[in-house]
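What follows is a set of notes on a single structure, which appears directly below.
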Amino acid sequence: MIAGRFRLVLRTSLGFAALGVGSSVAGAGVVALLLLLQGLPEDVDDRGWVLGVTAAGVVALALIVGTLWTAYLQRRTVVWFTIGRPPTADEAKRALRLPFDMAVVSGTLWLIGALALGILAGVLGSIGDAAGIALTIGLGGLTTVGLTYLAAEWVARPVMTMALDVLPPRGTLPVTVLTRLVVTWVLASGVPLIGVLLVTTPPDLGRHGNPTASLIVLSVTGLTTGAIGTALLSRAVAAPLHRLRIALDGIARGRKDVHVDVDDSSEIGMLQTSVNDLAAGLREQDRMRDLFGRHVGTDVARHALEYGASLSGDVREVTALFVDVVDSTALASRTPPQELVEKLNRFFASVVSAVDARGGLVNKFQGDAALCVFGAPTRLSDGPTMALAAARAIRDAVVSEGELDLGIGVATGQVFAGQLGASSRLEYTVIGDAVNEAARLTEHAKAVPSRVLASETTVKAALGGEREHWRLHGELHLRGRHRETRTWTT
């Protein structure tokens with residue numbers, strides 16, 4: 001990781017060095033060639049060497065001053081980027097100005113150079129020489145500034161990414177896509193066409209050279225700077241949009257771990273931030289759905305998300321399965337709390353596994369008991385069969401563990417299934433005689449060798465393959481009921 005960080009810092013540093021030297025030298029070379037082709041300056045006679053030496057000195061001094069000036073403006077940026085620590089908000093804000101600062105430094109130095117050499121040409125030659133040299137250097141400087149700005153945005157991507165992690169693009173933007181388009185237009189069309197106008201139209205401004213060669217150089221320069229500017233623009237706009245398209249395609253296919261590096265301070269950066277916020281929102285939604293489902297059951301969670309939270313429900317036929325631990329009071333008195341909880345969790349794990357595997361819902365845990373429902377909120381075509389099979393599976397699993405004793409009651413009938421409570425606090429539940437019957441059967445099941453009792457209605461409604469596992473137990477008087485209940489056991 002340290003080696004990777006070192007390579008990143010080295011590559012970025014070399015990129016800035018190449019940008020500073022390359023843009024200044026190339027711009028100065030093009031300006032010198034244009035002046036030579038135009039025959040400027042014409043009236044300095046044998047004192048032209050003074051102007052040449054001064055121009056070389058100005059270029060060298062501009063390189064040194066520009067480097068030191070930029071380093072001073074971004075001195076704190078160098079520190080946190082080199083060591084790899086996150087910047088503060090103030091440091092991030094300063095780092096986001098890096099391309100603009102480099103453009104300002106470059107533009108200021110070119111302006112000083114144009115004025116200095118223009119004045120010197122006027123002193124050594126004529127006013128026409130001064131105006132021609134100043135305008136030519138000014139156009140060269142404008143081109144260099146534009147390229148410096150666009151190239152600095154590209155080279156500074158690693159710095160911008162770290163800064164935008166701390167200060168995402170929001171509100172008023174320091175850079176816009178329109179800004180880049182205008183700069184690219186200036187490089188590709190504006191400066192070359194202004195140069196053509198200056199070469200081909202009066203006043204002469206002291207020109208004595210062949211305008212054809214100057215026009216050729218201007219054309220080649222315009223094509224080159226336009227191509228470079230367009231390439232930088234496409235990299236600044238098209239490449240991030242391509243990454244955003246890939247990220248959105250991933251989200252559309254259900255991926256929630258999508259993350260896009262925010263490396264742009266314009267509208268594109270805002271879009272990158274929005275995509276990351278979208279993915280984070282979907283992850284949070286999934287987390288809440290999972291948490292909600294763990295508390296109320298995935299079917300209830302899905303039902304609530306689809307139909308909303310309201311005090312509503314319907315009457316339907318369901319099969320209720322009630323399971324309870326035998327003599328839980330005595331068990332709690334002789335078992336440490338933590339150990340008791342661990343036993344109950346293993347017990348409930350068997351209940352949830354058996355019920356979920358058969359399409360049922362563990363509606364609620366009540367201390368050491370659980371109410372399970374088959375047929376709500378998801379309708380089942382064979383709820384009694386699934387409930388009876390789940391009762392046998394729970395009994396077998398708990399008996400094999402040998403930690404707890406239990407009783408299971410199963411009953412079928414019409415119940416209300418839906419949201420119950422107040423508008424500020426809802427609970428999905430089932431209320432009806434079948435639920436009460438299952439709870440009463442559980443009390444008697446604790447004394448039955450098989451530990452399972454089911455109502456005759458439930459057994460007769462089950463499929464033949466499941467009924468074969470059950471036999472008549474007899475009639476029981478259940479608490480709160482006036483008639484005897486015919487029960488079956490397994």
Margin query: Determine whether Phe365 and Val352 satisfy the following criterion, side chain to side chain contact (heavy atoms under 4.5 Å, CB included), listing intermediate values before the conclusion.
Written below: CA-CA 11 Å; Phe365 297 112; Val352 172; 3.9 Å; yes
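- Tyr149 and Pro99 get closest at one heavy-atom pair: CD1-O, 3.8 Å.
- Atoms CZ and OG1, on Arg471 and Thr487 in that order, are 10.5 Å from each other to the nearest 0.5 Å.
- Ile394 is listed as a side-chain neighbour of Val355, based on a closest heavy-atom distance under 4.5 Å.
- Put simply, the side chain of Thr378 does not reach to within 4.5 Å of the side chain of Leu361, judged on heavy atoms.
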Practice item. List the steps, then state whether side-chain hydrogen bond (donor to acceptor under 3.5 Å, both in side chains) holds for Gln74 with Asp101. Key: CA-CA 9 Å; Gln74 295 292 334; Asp101 285 347; 2.9 Å; yes
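- Shortest non-hydrogen contact noted between Val398 and Leu404 is CG1-O, 3.5 Å.
- Comment: Arg483 does not engage Asp433 in a salt bridge, judged by the lack of any side-chain N to carboxylate O separation of less than 4.0 angstrom.
- Within the 3.5 Å criterion, the main-chain N or O of Pro377 finds a donor-acceptor partner in the side chain of Arg316.
- The minimum heavy-atom distance between Leu164 and Pro169, with the atom names listed, is CD2-CD, 3.8 Å.
- Residues that satisfy the salt bridge (charged side-chain N to carboxylate O under 4.0 Å, His left out) test with Glu317, not counting sequence neighbours, are absent from this structure.
- Taking the side chain to side chain donor-acceptor pair (under 3.5 Å) definition, one finds that Ser328 meets it with Asp368, sequence neighbours left out.
- The environment of Arg235 atom CZ is sparse: at most 12 non-hydrogen atoms of other residues, nucleotides or ligands sit within 6.0 angstrom.
- Once rounded to the nearest 0.5 Å, the distance linking CG of Leu453 with CD of Glu437 reads 11.0 Å.
- By the 4.5 Å heavy-atom criterion applied to side chains, Pro86 and Asp165 are not counted as neighbours.
- For the side-chain contact (heavy atoms from CB on, under 4.5 Å) test with Leu371, the passing option among Val435, Leu321, Asp324 is Val435; the others fail.
- Between Arg486 and Lys460 the shortest side-chain heavy-atom distance does not fall below 4.5 Å.
- Here the straight-line distance linking atom OG of Ser381 with atom CG of Leu463 works out to 8.0 Å at 0.5 Å rounding.
- With hydrogens and angles disregarded, a donor-acceptor distance shorter than 3.5 Å links the side chain of Ser234 to the backbone of Ala231.
- For the pair Met160/Leu96, a side-chain contact is recorded, criterion being any heavy-atom separation below 4.5 Å from C-beta on.
- Considering only heavy atoms from C-beta on, Leu478 stays 4.5 Å or farther from Asn436 through its side chain.
- With values rounded to the nearest 0.5 angstrom, Asn345 atom CG is found 13.0 Å from Lys343 atom NZ.
- Between Asp264 and Ala236, the closest heavy-atom pair is OD2-O, 3.6 Å.
- Not counting sequence neighbours, the partners of Asp249 by the side chain to side chain donor-acceptor pair (under 3.5 Å) test are Arg245.
- With no hydrogens or angles considered, a side-chain donor-acceptor pair links Thr179 and Thr176 at under 3.5 Å.
- Ser400 places a side-chain N or O within donor-acceptor distance of the main-chain N or O of Ala397, the cut-off being under 3.5 Å.
- The two residues Gly383 and Phe374 come nearest to each other via the heavy atoms O-CB, 3.9 Å.
- By the 6.0 Å contact criterion, CH2 on Trp69 is enclosed, its count of non-hydrogen atoms from other residues, nucleotides or ligands being greater than 12.
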Practice prompt. Determine, step by step, whether Val275 and Ile251 satisfy the side chain to side chain contact (heavy atoms under 4.5 Å, CB included) criterion, reporting the C-alpha distance in whole Å, the side-chain angles of both residues, the deciding distance to 0.1 Å, and the verdict.
Written response: CA-CA 9 Å; Val275 170; Ile251 292 175; 4.2 Å; yes
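- To the nearest 0.5 Å, atoms CZ (Phe348) and OG (Ser353) are separated by 14.5 Å.
- Side-chain contact between Asp327 and Asp405: absent, with no pair of heavy atoms (C-beta onward) separated by less than 4.5 Å.
- Judged purely by atom type and a 3.5 angstrom limit, Thr412 has no side-chain atom pairing as donor or acceptor with the backbone of Thr457.
- In this structure, Leu380 CG and Thr319 OG1 are separated by 8.5 Å, a value rounded to the nearest 0.5 Å.
- Remark: the backbone N or O of Val448 is paired with a side-chain donor or acceptor of Arg451 at under 3.5 angstrom.
- Between Asp257 and Arg283, no side-chain nitrogen of the basic residue sits less than 4.0 Å from a carboxylate oxygen of the acidic one, so the salt-bridge criterion is not met.
- Without hydrogens or angle criteria, Ser455 side chain to Ala411 main chain gives no donor-acceptor distance under 3.5 Å.
- Ion pair Asp263/Arg243 flagged as a salt bridge, since at least one NZ, NE, NH1 or NH2 atom sits closer than 4.0 Å to an Asp/Glu carboxylate oxygen.
- The existence of a salt bridge linking Arg346 and Glu403 is confirmed by a sub-4.0 Å separation between a basic side-chain nitrogen and an acidic carboxylate oxygen.
- In this structure the side chain of Trp488 never reaches within 4.5 angstrom of the side chain of Thr458, judged on heavy atoms.
- Minimum interatomic distance between Leu388 and Ala462 (heavy atoms only, all atoms of both residues): CD1-CB, 3.7 Å.
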- Criterion side chain to side chain contact (heavy atoms under 4.5 Å, CB included) on Leu98 and Met102, from CA distance to verdict: CA-CA 6 Å; Leu98 180 55; Met102 291 190 68; 4.1 Å; yes
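- Using modelled atom types and a 3.5 Å distance limit, the side chains of Thr88 and Asp90 yield no donor-acceptor pair.
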(message) If you apply the rule side chain to side chain contact (heavy atoms under 4.5 Å, CB included), what do you find for Arg395 with Ile408, and how did you get there?
(response) CA-CA 8 Å; Arg395 187 269 318 275; Ile408 302 175; 4.2 Å; yes
